Novice: 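What follows is a structure written as structure tokens; I'll ask about it next.
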Amino acid sequence: MTMSAPLIHNASASITVLGAGLMGRLLAVALARQGHRVALHDAGGPGAEGSAARVAAAMLAPLAESAVTEPGVVRMGQHALARWPALLAELAAPVFFQQNGTLILWHRQDAADAARLRATLERNQAAQPDLPAMQPLDSVGVAALEPAVANRFAQGMYLPGEGQLDNRQLLAALEKTLQQLQVALHWHSPRSPQDFAPGTPGQPDWVIDCRGLGARTHWPALRGVRGEVVRLHAPEVTLQRPTRIVHPRYPIYIAPKEDHLFVIGATEIESDDLSPASVRSTLELLSAAYAVHSGFAEARIIEAATQCRPTLPDNLPAVRVTAPGVLEVNGLYRHGFMIAPALLDVALQVLDTGESPLAARFDLSLQLHGQPDCIPA
């Protein structure tokens with residue numbers, strides 16, 4: 001790549017961000033803090049009801065996810081674990097964040113699948129030695145780490161250093177911060193890059209498109225991958241960290257938030273279907289939770305929710321400048337909260353300098369208008 005000049009030439013540029021999901025809010029906050037005049041448009045309201053970020057467990061688990069993704073995404077996850085505390089500290093409201101690691105458990109009938117997963121994680125950790133090493137646990141180790149599941153599991157794996165946050169607290173805190181920074185918020189105002197002429201009189205200097213699946217009209221490779229989660233209030237259950245259950249169809253996770261709220265999910269269905277959660281998936285999620293802790297039997301179902309994650313053909317994210325003054329960030333797939341800080345920093349580098357050393361570190365597809373891909377998609 002030869003381009004290296006800043007893309008934003010004005011210290012107080014006019015920037016319009018499209019899409020107020022996780023990426024749109026993070027970028028709008030960061031750019032407003034830099035002194036730019038920022039406007040944010042979204043087809044929905046401030047609650048982010050149409051965003052994939054609202055229906056998520058917000059786990060930050062690079063080693064656990066290494067079983068299903070590429071090394072570059074794992075490195076993005078490591079980057080995010082270091083970045084999230086600083087990003088959260090600047091927000092106008094507190095956000096639940098913990099870094100107590102991930103616990104992986106399985107039932108006896110799934111021991112063969114667990115052994116394959118353990119071998120995969122060991123290989124991945126060896127290939128990226130800066131990842132904290134996975135720790136095998138016997139029944140005593142499981143009980144010591146997570147007393148609430150004592151005597152239920154004979155073996156487990158502990159992935160230290162991994163974390164999680166509360167996605168809905170974060171979205172609300174970002175929205176409050178946008179208000180404090182006097183970002184112009186345009187709710188129920190769907191827009192596309194074609195509605196603007198960046199750089200011309202009366203128009204923004206830059207348009208940044210973070211609309212997820214809303215961008216499919218001019219990014220046709222995007223597809224939706226459906227996910228289903230159940231949110232429970234379980235006063236009788238206390239878990240200290242996200243717990244993943246090896247399952248014949250897909251790994252099920254239980255992510256404990258504050259005040260005995262739990263997000264339980266797993267499903268990945270190649271579909272844009274946004275209809276309510278299926279009986280089969282709901283039964284599997286609830287049965288898995290009950291098998292971990294009997295206290296879930298008396299839990300109250302707060303919500304069963306579905307959403308489709310924006311996904312590119314290789315299941316990897318991409319950042320691209322498609323025309324003068326138009327930057328697009330998309331394809332976060334199932335790793336949104338784990339990789340969003342990395343994509344934020346890449347996008348800011350591109351705008352500030354016209355290039356991004358971080359993109360190469362993350363093997364990220366970075367395409368600049370009139371230039372070849374920096375990293376092949």
Side-chain angles (χ1 to χ4, degrees), residues 57-86 88 96-108 110-165 238-247 250-256 265-266 288 292 315-316 333-342 345 358 360-364:
M59 294 182 294
L60 315 172
L63 180 55
E65 288 297 303
S66 74
V68 294
T69 192
E70 300 299 321
V73 173
V74 176
R75 290 191 288 274
M76 290 187 219
Q78 293 173 270
H79 180 88
L81 279 169
R83 282 284 280 133
W84 271 122
L88 298 179
F96 167 76
F97 172 86
Q98 67 167 206
Q99 206 167 341
N100 291 349
T102 299
L103 178 63
I104 300 176
L105 301 171
W106 58 90
H107 300 288
R108 184 173 291 106
D110 299 316
D113 289 333
R116 285 190 287 271
L117 175 61
R118 175 177 173 176
T120 297
L121 296 181
E122 288 175 337
R123 285 195 304 271
N124 294 343
Q125 196 280 323
Q128 302 198 59
D130 50 340
L131 283 169
M134 181 273 297
Q135 301 174 11
L137 303 171
D138 58 14
S139 60
V140 174
V142 170
L145 191 68
E146 199 66 79
V149 302
N151 303 319
R152 285 180 171 264
F153 296 91
Q155 296 181 80
M157 291 180 276
Y158 175 54
L159 281 52
E162 299 196 327
Q164 64 159 332
L165 53 79
T238 300
L239 295 176
Q240 306 299 319
R241 57 191 50 80
T243 301
R244 299 187 180 218
I245 315 300
V246 178
H247 184 274
Y250 36 61
I252 289 175
Y253 57 77
I254 304 171
V292 170
N315 294 343
L316 298 175
Y333 183 37
R334 59 179 278 162
H335 305 114
F337 289 87
M338 191 180 87
I339 66 176
D345 292 342
L358 279 174
R361 174 183 167 192
F362 301 143
D363 301 333
L364 176 65

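Given the structure is predicted, the values throughout are model-derived calculations rather than measurements. We count residues from 1, following the sequence as given.
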Novice: Find out whether R118 and I104 are in side-chain contact, i.e. whether some heavy atom of one side chain is under 4.5 Å from a heavy atom of the other.
Specialist: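 R118 does not reach I104 side chain to side chain.
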
Novice: Determine the minimum heavy-atom distance between S66 and L121, stating which atoms define it.
Specialist: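 Taking S66 first and L121 second, the nearest heavy atoms are OG-CD2, 3.7 Å.
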
Novice: Find the distance between CG (L63) and CD (E122) and round it off to the nearest 0.5 Å.
Specialist: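 Rounded to the nearest 0.5 Å, the CG-CD separation comes to 10.0 Å.
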
Novice: Say you draw a straight line from CD1 of I254 to CZ of R244; how long is it, rounded to the nearest 0.5 Å?
Specialist: 12.0 Å

Novice: Look at the rings of F362 and H79 and say which category their plane angle falls in: under 30° parallel, 30 to 60° tilted, over 60° perpendicular.
Specialist: perpendicular

Novice: Just wondering, more than 12 heavy atoms not from D130 lying within 6.0 Å of its CG?
Specialist: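 Yes.
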
Novice: Can you check whether D113 reaches W106 side chain to side chain, under 4.5 Å on heavy atoms?
Specialist: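 When only atoms from C-beta onward are counted, W106 and D113 do not touch, as no gap falls below 4.5 Å.
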
Novice: Looking at side-chain heavy atoms only, is the closest gap between N124 and V74 below 4.5 Å?
Specialist: no

Novice: Determine whether M76 and L364 make a side-chain contact, defined as any pair of heavy atoms from C-beta on separated by less than 4.5 Å.
Specialist: yes

Novice: Compare every heavy atom of R241 with every heavy atom of G101, then report the nearest pair and how far apart it is.
Specialist: O-CB, 3.3 Å

Novice: Would you check if the side chain of Q135 reaches a backbone N or O of Y158 as a donor-acceptor pair within less than 3.5 Å?
Specialist: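 Here the side-chain-to-backbone pair does not exist.
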
Novice: Would Q78 and Q128 count as a side chain to side chain contact (heavy atoms under 4.5 Å, CB included) if you check the C-alpha gap in whole Å, the side-chain angles of each, and the deciding distance to 0.1 Å?
Specialist: CA-CA 11 Å; Q78 293 173 270; Q128 302 198 59; 3.6 Å; yes

Novice: For G161, is there any backbone N or O sitting under 3.5 Å from a side-chain donor or acceptor partner on Q99?
Specialist: yes

Novice: With rounding to the nearest 0.5 Å, note down the distance linking CE in M338 to OG1 in T69.
Specialist: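 Separation between the atoms: 6.5 Å.
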
Novice: Before accepting this row, confirm whether a basic side-chain N of the pair E65/R334 lies closer than 4.0 Å to the acidic partner's carboxylate O.
Specialist: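 Judged by the 4.0 Å cut-off on N to carboxylate O distance, E65 and R334 do form a salt bridge.
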
Novice: Report the C-alpha distance between R75 and D363 in whole Å, list the side-chain angles of each, state the deciding distance to 0.1 Å, and finish with yes or no for side chain to side chain contact (heavy atoms under 4.5 Å, CB included).
Specialist: CA-CA 9 Å; R75 290 191 288 274; D363 301 333; 2.6 Å; yes

Novice: Within the 4.5 Å heavy-atom criterion, are L137 and F153 side-chain neighbours or not?
Specialist: no

Novice: Is there side-chain contact between R83 and D345, with at least one heavy-atom pair below 4.5 Å?
Specialist: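 A side-chain contact under 4.5 Å exists here.
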
Novice: Roughly how far, to the nearest 0.5 Å, is CD1 of I339 from CG of L316?
Specialist: 8.5 Å

Novice: Go through the steps for T102 and M59 under the test side chain to side chain contact (heavy atoms under 4.5 Å, CB included), then give the verdict.
Specialist: CA-CA 9 Å; T102 299; M59 294 182 294; over 6 Å; no

Novice: Would you call E146 and R152 a salt bridge, taking side-chain N to carboxylate O under 4.0 Å as the test?
Specialist: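 Salt bridge flag = no for R152 with E146.
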
Novice: If we only count heavy atoms from C-beta on, is the P62 to L131 side-chain gap below 4.5 Å?
Specialist: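 Side-chain contact under 4.5 Å: yes.
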
Novice: Output the distance between atom CG (L103) and atom OG1 (T243), rounded to the nearest 0.5 Å.
Specialist: 4.5 Å

